[in-house]
Colleague: 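Could you have a look at this structure, given as structure tokens, before my questions?
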Amino acid sequence: MPELPEVETTRRGIAPHVCGQTIENVILRTDKLRFPIPANVQRDLRGKQFTEVARRGKYLLLSATNGTAIIHLGMSGKLRIVNSRLTPIKHDHVDIVFANQQCLRFNDPRRFGALLWTTDDPLQHSLLSKLGPEPLTREFNGHYLFTKSRQRKAPVKAFIMDSHVVVGVGNIYATEALFKAGIHPKRAAGRISEARYIKLTKAIKVILRAAIKQGGTTLKDFLNSDGKPGYFKQRLNVYGRAGEPCLDCGTTLKSLQLGQRTSVYCPSCQR
DNA sequence: AGTGCGGCCTGTCCGC
DNA sequence: TGCGGACAGGCCGCAC
């Protein structure tokens, strides 16, 4: 489940291998991802080079001279650098083949991912233009969340998972950050003090940074073909631990449903 | 405008 | 052992 740290790890992993390589071909084995893959990606990318791999939220932006490929990994998407002659396995939907015979291979079993193509400024694309700030910038701070949340009745967990509020905070990190900040996931966003939002934004940053650092240790895996991600093994305090004791106080962790999301929390530490 | 939910998918796990 | 069903999850798009 790629969250922001995995997307950032992917970005760092693929960038050196795709930038400056001439694109020989684009192979689409299916176009049925979250959105249909536009057919003109093939024609437009052939013969071009990517100059940069950037990230906005969980979107990867692969810029060529004539446009930008926008990739989202969805739930189960993976990008790997493999030799283009390596036989594709199940759910290898797209290859971007380079002249040096390496290729960027997109595998996505659940097909919640996306590959789009725009010739305009990608940040103006309708999927990206209304996104909230990046969580690891100074712009994202307690004051921002406090101001933004006034009058909001939605649970704070839904609020911080809303990409129009802040990008890149998925279920795992929202769950962990709320635990670290001692805030109950169901508390109305508009009824949380600025002091607590300061604590929460700090928790989000600490957790995301730690996860990115962990991802960074296994970038070499991007050249392997065995599909083992290997990163992202940091200790989770609450996520997936419902029914087990809180590591801080020993109280049995509970879980509740918010929207379609499972939230695990400590009923004693989180208020 | 804010809120909440349906739907897209398939692999994994559980119970019968 | 085989099978059905529940579940997981990001996020768009719609309805209220």
Side-chain angles (χ1 to χ4, degrees), chain A residues 1-11 28-38 55-61 70-79 88-94 106-116 118 122 124-135 145-178 185-192 204 208 211 227-229 232 236 238-243 253-265:
Chain A
M1 299 134 235
E3 296 219 27
L4 186 141
E6 286 157 299
V7 178
E8 177 61 19
T9 300
T10 296
R11 187 190 72 75
L28 302 181
R29 297 187 190 84
T30 180
D31 67 350
K32 292 179 177 54
L33 297 188
R34 189 177 201 335
F35 309 104
I37 299 174
R55 179 185 61 75
R56 178 74 177 99
K58 294 182 190 173
Y59 293 92
L60 288 168
L61 309 175
I70 302 174
I71 295 178
H72 196 290
L73 300 177
M75 276 291 305
S76 56
K78 287 179 200 69
L79 287 173
I89 59 170
K90 206 175 181 185
H91 308 306
D92 279 343
H93 304 310
V94 183
F106 186 17
N107 179 287
D108 185 9
R110 295 184 199 176
R111 286 192 263 138
F112 282 12
L115 168 55
L116 301 168
T118 178
Q124 298 308 312
H125 190 280
S126 58
L127 292 176
L128 304 186
S129 62
K130 288 174 185 149
L131 293 178
E134 290 287 328
L145 272 193
F146 176 74
T147 309
K148 186 102 177 162
S149 63
R150 292 311 87 188
Q151 319 300 358
R152 294 284 199 107
K153 291 174 183 156
V156 61
K157 180 152 177 280
F159 178 67
I160 60 171
M161 286 178 67
D162 182 345
S163 62
H164 302 107
V165 173
V166 57
V167 296
V169 181
N171 197 34
I172 296 174
Y173 292 116
T175 299
E176 292 294 319
L178 287 168
K186 221 169 176 173
R187 178 168 288 275
R191 303 194 57 187
I192 293 173
I204 289 170
L208 287 179
K228 291 245 166 63
F232 201 48
L236 298 170
V238 281
Y239 183 84
R241 294 193 63 241
L253 298 177
K254 283 187 163 181
S255 101
L256 56 80
Q257 292 294 123
L258 273 173
Q260 280 97 293
R261 295 287 113 70
T262 300
S263 289
V264 183
Y265 67 103

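Scope of the values below: all heavy atoms of this structure, side chains included, with no hydrogens, waters or symmetry mates. Just so it is clear: chains get the letters A, B, ... in the order the sequence lines come, proteins before strands, and each one is counted from 1.
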Colleague: Should the heavy atoms of other residues, nucleotides or ligands under 6.0 Å from CD of A/Gln257 be counted, would the total exceed 12?
Modeller: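 It does: A/Gln257 CD has more than 12 such atoms within range.
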
Colleague: Dot-bracket for DNA chain C, please. Rules: Watson-Crick or G-U, both distances under 3.5 Å, ( ) within the strand, [ ] when a pair crosses earlier ones, | for another strand, . otherwise.
Modeller: .|||||||||||||||

Colleague: Can you tell me whether the side chain of A/Arg261 and the base of C/dG10 have a donor-acceptor pair closer than 3.5 Å?
Modeller: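 Looking at the base of C/dG10, it does pair with a donor or acceptor on the side chain of A/Arg261 (distance under 3.5 Å).
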
Colleague: Could you check whether A/Arg34 gets within reach of a base, just the sugar-phosphate, or nothing at all, counting any heavy atom under 4.0 Å?
Modeller: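 It contacts base atoms.
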
Colleague: NA contact type, A/Leu73, heavy-atom cut-off 4.0 Å: base, sugar-phosphate, or nothing?
Modeller: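 Since no nucleic acid heavy atom lies under 4.0 Å of A/Leu73, the category is nothing.
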
Colleague: C/dG10 C1' sits how many Å from A/Leu33 CG, rounded?
Modeller: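 Roughly 14 Å, once rounded to whole Å.
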
Colleague: Working to the nearest 0.5 Å, report the span between CD of A/Glu6 and NZ of A/Lys78.
Modeller: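 Output value for this atom pair is 9.5 Å.
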
Colleague: Please report, rounded to the nearest Å, how far the C1' atom of C/dA8 is from the CE atom of A/Met161.
Modeller: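 Nearest whole value for this atom pair: 12 Å.
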
Colleague: Given atom NE2 of A/His72 and atom P of B/dC9, what is their separation to the nearest angstrom?
Modeller: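 Interatomic distance, NE2 of A/His72 to P of B/dC9: 16 Å.
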
Colleague: Any base atoms under 4.0 Å from A/Lys130, or only sugar-phosphate, or nothing? Heavy atoms, all strands.
Modeller: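 No contact.
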
Colleague: Does a side-chain N or O of A/Tyr173 approach OP1 or OP2 of C/dG10 to a distance below 4.0 Å, or not?
Modeller: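 False: A/Tyr173 side-chain N/O out of range (4.0 Å or more) of C/dG10 OP1/OP2.
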
Colleague: Could you check how far CZ of A/Phe106 sits from C1' of B/dC9, rounded to whole Å?
Modeller: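 Rounded to the whole Å, the gap is 13 Å.
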
Colleague: Under 4.0 Å: is that the gap between some side-chain N or O of A/Thr262 and OP1 or OP2 of C/dA8?
Modeller: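 Yes, A/Thr262 has a side-chain N/O under 4.0 Å of OP1/OP2 on C/dA8.
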
Colleague: Looking only at the side chain of A/Arg111 (C-beta and beyond, no hydrogens), which of the listed nucleotides B/dG11, B/dC9, C/dG10 gets closest?
Modeller: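 That would be B/dC9.
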
Colleague: In whole angstrom, give the distance that lies between atom CZ of A/Arg56 and atom P of C/dG10.
Modeller: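 For the pair A/Arg56 CZ and C/dG10 P, the rounded distance is 18 Å.
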
Colleague: Please check: side-chain N/O of A/Arg261 versus main-chain N/O of A/Met161, any donor-acceptor pairing under 3.5 Å?
Modeller: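 Not a single qualifying donor-acceptor pair exists.
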
Colleague: Take A/Lys186 and A/Tyr265, measure what side chain to side chain contact (heavy atoms under 4.5 Å, CB included) needs, and give me the verdict at the end.
Modeller: CA-CA 10 Å; A/Lys186 221 169 176 173; A/Tyr265 67 103; over 6 Å; no

Colleague: Whole Å only: how far is the CZ atom of A/Phe35 from the P atom of B/dC9?
Modeller: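 Answer to the nearest Å: 12 Å.
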
Colleague: Please assess A/His91 against A/Asn107 for the test side chain to side chain contact (heavy atoms under 4.5 Å, CB included), listing each intermediate value before the final yes or no.
Modeller: CA-CA 5 Å; A/His91 308 306; A/Asn107 179 287; 3.8 Å; yes

Colleague: What I'd like to find out is whether the side chain of A/Lys153 reaches to under 4.5 Å of the side chain of A/Arg191, using heavy atoms alone.
Modeller: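 Answer no - side chains too far apart.
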
Colleague: With a 4.5 Å heavy-atom cut-off, do A/Tyr173 and A/Leu208 have their side chains touching?
Modeller: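 Yes, side chains in contact.
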
Colleague: Under the rule for ring pair (Phe, Tyr, Trp, His ring centres under 6.0 Å), what residues qualify as partners of A/Tyr59, not counting sequence neighbours?
Modeller: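 Ring pair (Phe, Tyr, Trp, His ring centres under 6.0 Å) check on A/Tyr59 returns A/His72.
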
Colleague: Determine, step by step, whether A/Val166 and A/Ile204 satisfy the side chain to side chain contact (heavy atoms under 4.5 Å, CB included) criterion, reporting the C-alpha distance in whole Å, the side-chain angles of both residues, the deciding distance to 0.1 Å, and the verdict.
Modeller: CA-CA 11 Å; A/Val166 57; A/Ile204 289 170; 5.6 Å; no

Colleague: Report yes if the ring of A/Phe112 lies under 5.5 Å from the six-membered base ring of B/dC8 with planes under 30°, and no otherwise.
Modeller: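 Given the distance and angle limits, yes, they stack.
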
Colleague: How close do A/Ala114 and A/Phe35 get, heavy atom to heavy atom, and via which atoms?
Modeller: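 Of all heavy-atom pairs spanning A/Ala114 and A/Phe35, the closest is CB-CD1, 3.8 Å.
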
Colleague: Between A/His91 and B/dG11, is there a contact of a side-chain N or O with OP1 or OP2 at under 4.0 Å?
Modeller: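 The answer is yes; a side-chain N or O of A/His91 sits under 4.0 Å from OP1 or OP2.
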
Colleague: B/dT10 C1' sits how many Å from A/Arg110 CZ, rounded?
Modeller: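 Going from A/Arg110 (CZ) to B/dT10 (C1'), I get 6 Å.
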
Colleague: Strictly under 3.5 Å: I want the nitrogen or oxygen pairs between protein and nucleotides 2-4 of chain B, one per line.
Modeller:
| from | atom 1 | to | atom 2 | distance (Å) |
| --- | --- | --- | --- | --- |
| B/dT3 | OP1 | A/Lys153 | N | 2.4 |
| B/dT3 | OP1 | A/Ala154 | N | 3.1 |
| B/dT3 | OP2 | A/Arg152 | NH1 | 3.1 |

Colleague: In whole angstroms, how far is the C1' atom of B/dT12 from the NZ atom of A/Lys90?
Modeller: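 Roughly 13 Å, once rounded to whole Å.
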
